[in-house]
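Structure record follows, encoded as structure tokens.
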2 protein chains.
Amino acid sequence: MHQDPFSVLAEPARRNILDQLRMGETSVSELVERLDLSQPSVSKHLKVLREAGFVSSKVAAQRRIYRLELERVRAIDEWLAPYRAMWTRSLDALERHLDKMEE
Amino acid sequence: MHQDPFSVLAEPARRNILDQLRMGETSVSELVERLDLSQPSVSKHLKVLREAGFVSSKVAAQRRIYRLELERVRAIDEWLAPYRAMWTRSLDALERHLDKMEE
DNA sequence: TAATTATATGCCTGTCGGGGAATATTACTG
DNA sequence: CAGTAATATTCCCCGACAGGCATATAATTA
């Protein structure tokens, strides 16, 4: 089964779905409309996202409302952290350099 | 060919390679040793990483020295940014809440 | 209960990408 | 130039998906 968050996000459609959910909870059919994908396709992607913990769902009549779960996105962010540290260090160095120039 | 940074990073071996390169420039054979992968495998992954812009290489005698290129990692970070904004907002709210408690 | 809406699932098919082994290529050395 | 070290590339096989379509399931309403 898909566990790895990175491979889950490798699919553009899934990132698009998450981007939509960032704006708020959404039903499947809303996603189908907004993303111009087939309903089965959306459902399948949602299943992957759900099993990977990126989204959760609740039932509302016949609809299922999907909601973004930030936790898993943080997993990606954690992998990125040391890299981000690298470029912020470079930025800091640049700033210090510019400060010196002003003297 | 592989363009999308996310699918490039979907492969764990490639993330491992980047993690190694974070520590400094490295030759192919060093990576083979450290990651316990076959040489062809490493070379193939490096090719993908190179074509996607995650790494660059220079020639040093028979060796090729690979080097991390941060730019592309930033692409991932940029996608992540709005999400990160969300959880830092939550953190801010929590802080404000705790501050109130202290009063 | 029959009909309808909303969503999930199963099946099939085609494609893509990774691993392994062998081989090609490039650069260095004697 | 012959030999060797380091890396790249090719070929083949196979498993993992994604898309499309049909169908199942669940909840709702008439």
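Quick note on labels: first sequence line is chain A, next is B, and so on, each numbered from 1.
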Starting at [atom1] of [X] and ending at [atom2] of [N], how long is that distance when rounded to a whole Å?
X	N	atom1	atom2	value
B:Gln3	C:dC16	CD	P	15 Å
B:Asn16	C:dG19	CG	P	11 Å
A:Leu46	D:dA18	CG	C1'	15 Å
A:Ile65	C:dA6	CD1	P	11 Å
A:Asp4	D:dC17	CG	P	10 Å
A:Leu49	D:dC17	CG	P	14 Å
B:Asp36	C:dG19	CG	C1'	14 Å
B:Leu37	C:dG18	CG	C1'	12 Å

(message) Taking the basic N atoms (NZ, or NE/NH1/NH2) and the acidic carboxylate oxygens, is any pair closer than 4.0 Å for A:Glu11 and A:Arg15?
(response)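 No, this pair does not count.
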(request) Please determine if B:Arg74 and B:Glu78 form a salt bridge, counting it only when a charged side-chain N lies under 4.0 Å from a carboxylate O. (result)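 B:Glu78 and B:Arg74: not salt-bridged.
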(request) Please round to the nearest 0.5 Å and tell me the distance separating atom OG of A:Ser56 and atom CG of A:Leu46. (result)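 One gets 11.0 Å once the value is rounded to the nearest 0.5 Å.
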Short side-chain N/O contact from [X] to OP1 or OP2 of [N], under 4.0 Å:
X	N	answer
A:Ser29	C:dA6	no
A:Arg63	C:dA6	yes
A:His45	D:dG19	yes
A:Arg14	D:dA18	yes
A:Tyr66	C:dA6	no

Can you say whether a donor on the side chain of [X] sits under 3.5 Å from an acceptor on the base of [N], or the other way round?
X	N	value
A:Glu11	D:dA18	no
B:Gln39	D:dA8	yes
B:Lys44	C:dG17	no

Between [options], which nucleotide has the shortest distance from any of its atoms to the side chain of [X]?
X	options	result
B:Lys47	D:dG20, D:dT9, C:dG18	D:dT9
A:Ser27	D:dT7, D:dA8, C:dT7	C:dT7
A:Arg50	D:dT7, C:dA8, D:dT28	C:dA8
A:Ser43	D:dT7, C:dT7, D:dG20	C:dT7

(request) Look at all strands and tell whether B:Ser41 reaches a base, only sugar-phosphate, or nothing, counting heavy atoms closer than 4.0 Å. (result)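 Sugar-phosphate contact only.
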(message) If you count every heavy atom of other residues, nucleotides or ligands that lies below 6.0 Å from B:Arg72 atom CZ, does the total exceed 12?
(response)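 Atom CZ in B:Arg72 is not crowded, with 12 or fewer foreign heavy atoms closer than 6.0 Å.
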(request) Is it possible for you to say whether B:Phe6 and A:Leu35 belong to one hydrophobic cluster, with membership spreading through side-chain heavy-atom contacts below 4.5 Å? (result)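 Cluster IDs for B:Phe6 and A:Leu35 match.
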(request) Take A:Pro40 and A:Gln62, find for each the nucleotide of DNA chain D with the closest heavy atom, and name the residue whose nucleotide sits nearer the 5' end. (result)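 First, find each residue's nearest nucleotide; the 5'-ward one identifies A:Pro40.
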(message) Please check this pair: side chain of B:Arg14 against backbone of B:Val8, looking for a donor-acceptor N/O pair closer than 3.5 Å.
(response)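 Checked: pair present.
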